[in-house]
Engineer: 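One structure, as C-alpha cells, below. Some questions next.
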2 protein chains.
Amino acid sequence: MARTQGSHAGITGPRIRDAALRLFAEHGFAAVSMRQIASTVGLQAGALYNYTPDKQALLFSLMKEHMDDLLGDLAHLPSHDSPLARLEAFVRFHIAFHLERPELVFIAYMELRNLTPENFAVIEGLRRDYENALERILSDGVASGSFDVPDTKLATLAVIAMLTGVTTWYRPDGRLSIPEVQNLYWDMVRKSVSA
Amino acid sequence: MARTQGSHAGITGPRIRDAALRLFAEHGFAAVSMRQIASTVGLQAGALYNYTPDKQALLFSLMKEHMDDLLGDLAHLPSHDSPLARLEAFVRFHIAFHLERPELVFIAYMELRNLTPENFAVIEGLRRDYENALERILSDGVASGSFDVPDTKLATLAVIAMLTGVTTWYRPDGRLSIPEVQNLYWDMVRKSVSA
DNA sequence: TCAATATCTGAACAGACGTTCAGATCAACC
DNA sequence: GGTTGATCTGAACGTCTGTTCAGATATTGA
C-alpha cells in the first residue's frame with residue numbers, strides 16, 4: 001500500500017478555502033476566478049479540482065460551514081435563564097461571533113444570490129433557524145411581561161439587522177473595544193424591547 | 001441642420017438604465033454582461049455605448065443618482081422641530097424611501113466594492129452626509145436632554161442598519177402595510193434612544 | 001426630396017472564464 | 001528500492017467578456 005493521504009492535502013485544502021474566503025469577500029464571488037484563487041495558494045487552476053468539484057461548491061461549503069458554526073455556538077448559550085438574560089447573552093454572542101469572522105459574514109450575506117436554488121434553500125433554512133432562536137427569546141419575554149414587543153417577527157429581523165451592521169464599521173484598531181461595542185448595542189436593544 | 005435629438009435616445013437611455021438596475025440587483029454587477037443588458041432592451045451590445053462610456057459608468061450613474069435623490073428628499077424634512085419629531089420624521093422617511101426602490105438600495109449597498117476608487121469615494125462621501133444628518137438629530141436630542149445616547153456615532157449606524165434591513169424582508173403583498181412597518185420601527189427606535 | 005446626423009447592427013479584437021485530462025512529480029509504505 | 005497512488009502541471013476545450021468601429025439604417029429639418 002502507498003500512503004493513505006497525500007502529503008499536502010491536509011494543508012492545501014484549508015489554504016484554498018482561506019484564499020477563496022478572502023478573495024470572495026473582497027471582490028465578490030462572480031468577480032473572482034479559479035485562476036486567482038489557485039495563484040494565491042501557489043497552484044495551477046486545475047489542482048483546485050482535487051479539493052472541490054466546482055466553484056459553486058467552494059462557495060457553498062464556506063457558507064454552510066459558517067452557518068453550522070453559528071448555530072453550533074448558539075446552542076451553547078444558556079437557555080433557561082430569564083428572557084432578559086437570554087437576550088443579553090444573544091446580543092453579546094452575535095456581536096462577538098460576527099466580529100471574529102467579518103469576511104465570512106460578508107460572504108454569507110452578499111453571495112446568497114450566487115448560490116444554486118438547492119444550496120440557497122439550505123442556507124436560508126439555517127438562517128431561519130437562527131432567527132427563530134431570537135424570536136423565541138422575544139416571545140418568551142412578551143409572555144412573561146418583561147418585554148413590550150408588538151411584533152416579534154419584525155423585532156427579530158430589526159435586532160439582527162442592527163447587530164450585524166456592526167461588521168460594516170468596526171475596526172480592531174478603532175475607537176471602541178469589542179466589550180464597549182457590546183455594551184452600547186445591548187443598551188439600545190434592551191431599551192428597544194423594554195416594557 | 002438635421003434633427004437635434006435622436007428618435008429613440010429619450011426612450012432608450014432610461015430603458016437601458018432600468019434594465020441594468022434590475023439585472024445588477026438580481027445577479028450582481030460582475031455577473032451581468034453588457035450583452036444581457038442590451039438583449040433585455042432589444043439592442044446589440046455595441047449600441048449601449050451611445051449611452052454610457054463603459055459598464056463602470058453605468059453602475060456609478062445609478063448609484064450616484066440614487067444618493068442624490070436620497071439627500072435631495074432628506075433636505076425637505078422639517079429641520080426646526082424638536083429632536084424627537086425630527087427623529088420620527090427621519091425614521092418614517094428612511095423606511096418609505098427605501099421601500100420604494102429596493103433594487104437601488106440593494107445595489108447601492110452591495111456593489112460598492114465594484115466601484116473604482118474615485119467613484120467609491122464619491123458615493124461614500126454622500127453616504128457620510130446622510131449619516132451625519134441623523135447623527136445631528138441624535139446629538140441635538142442628547143444636548144436637550146430628550147435622548148439618552150452614550151455614543152451618537154454608533155447609534156447612528158445602528159439605527160440606519162436596523163431601518164435599512166426592512167428591504168430584505170418587506171413584501172408589498174405581505175402581512176404588514178408600510179405605515180404599520182413605519183409605526184413598529186419608530187416604536188423601537190424611539191425607545192432605544194429614549195432618556 | 002434631400003442632406004445631415006443620430007442611432008444601431010454585426011463583426012471583430014484580445015483576453016479571461018470554468019473545467020477537463022494526460023502525463024509528470026512526489027511522498028510514503030512494502 | 002520499487003511500487004503505488006495522491007498531487008500537481010500545463011495545455012487544451014469551447015464559450016464568454018468589455019469594448020471598438022465601419023457601415024447600414026432610421027429620422028428629422030431644410
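Sequence lines set the chain letters: A, B, ... in the order given, protein chains first and strands last, and positions in each chain run from 1. No hydrogens, no waters, no symmetry mates; every other heavy atom, side chains included, goes into these values.
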Engineer: Mind listing the N/O atom pairs, protein and nucleotides 20-25 of chain C, below 3.5 Å?
Structural biologist:
none

Engineer: The side chain of B:Leu43 is closest to which nucleotide in this list: C:dT19, C:dT9, D:dG18?
Structural biologist: C:dT9

Engineer: CG of B:Asn50 versus P of D:dG18: gap in Å, rounded?
Structural biologist: 17 Å

Engineer: For A:Leu58 and C:dG18, give me the distance from atom CG to atom P, rounded to whole Å.
Structural biologist: 11 Å

Engineer: Is any NZ, NE, NH1 or NH2 atom of the basic residue among A:Asp187 and A:Arg190 found under 4.0 Å from an Asp or Glu carboxylate oxygen of the other?
Structural biologist: yes

Engineer: Base, sugar-phosphate or nothing for A:Gln36? Non-hydrogen atoms, less than 4.0 Å.
Structural biologist: sugar-phosphate

Engineer: Return the value, rounded to whole Å, for the distance between atom CE of B:Met34 and atom P of D:dT15.
Structural biologist: 23 Å

Engineer: What contact category does B:Val32 fall into here, base, sugar-phosphate, or nothing, at under 4.0 angstrom with non-hydrogen atoms?
Structural biologist: sugar-phosphate

Engineer: What is the distance from CG of B:Leu48 to P of C:dT7, rounded to the nearest Å?
Structural biologist: 14 Å

Engineer: Can you identify which nucleotide, out of C:dC8, D:dT19, C:dT19, has its nearest atom closest to the B:Arg35 side chain?
Structural biologist: D:dT19

Engineer: From the options C:dC8, C:dT19, D:dG18, select the nucleotide whose nearest atom is closest to the side chain of B:Thr12.
Structural biologist: C:dC8

Engineer: Within a 6.0 Å radius of atom CZ on A:Arg136, are there more than 12 heavy atoms belonging to other residues, nucleotides or ligands?
Structural biologist: no

Engineer: When the distance from CD1 of B:Ile16 to P of C:dT7 is rounded to whole Å, what number comes out?
Structural biologist: 11 Å

Engineer: Let me know the distance between CD1 of B:Ile37 and C1' of D:dG18, rounded to the nearest Å.
Structural biologist: 11 Å

Engineer: Output yes when a side-chain donor or acceptor of B:Glu111 lies under 3.5 Å from a complementary backbone atom of B:Leu59, and no otherwise.
Structural biologist: no

Engineer: I'd like to know if A:Arg127 pairs up with A:Glu131 as an ion pair, taking the criterion as any Lys NZ or Arg NE/NH1/NH2 lying under 4.0 Å from an Asp or Glu carboxylate oxygen.
Structural biologist: no

Engineer: Taking only side-chain N and O atoms of B:Ser33, does any of them lie within less than 4.0 angstrom of OP1 or OP2 on D:dC16?
Structural biologist: no

Engineer: Can the ring centroids of A:Tyr130 and A:Phe90 be said to lie less than 6.0 angstrom from one another?
Structural biologist: yes

Engineer: For residues A:His66 and A:Tyr109, establish whether the separation of their ring centroids is below 6.0 Å.
Structural biologist: no

Engineer: Would you indicate which nucleotide in C:dT19, C:dC8, C:dT9 comes nearest to any side-chain atom of B:Gln44?
Structural biologist: C:dT9

Engineer: Using whole Å, what does the distance between atom P of nucleotide C:dG18 and atom CG of A:Leu23 come to?
Structural biologist: 12 Å

Engineer: For the residue pair B:Phe97 and B:Phe93, does the interplanar ring angle fall in the parallel (under 30°), tilted (30 to 60°) or perpendicular (over 60°) class?
Structural biologist: tilted

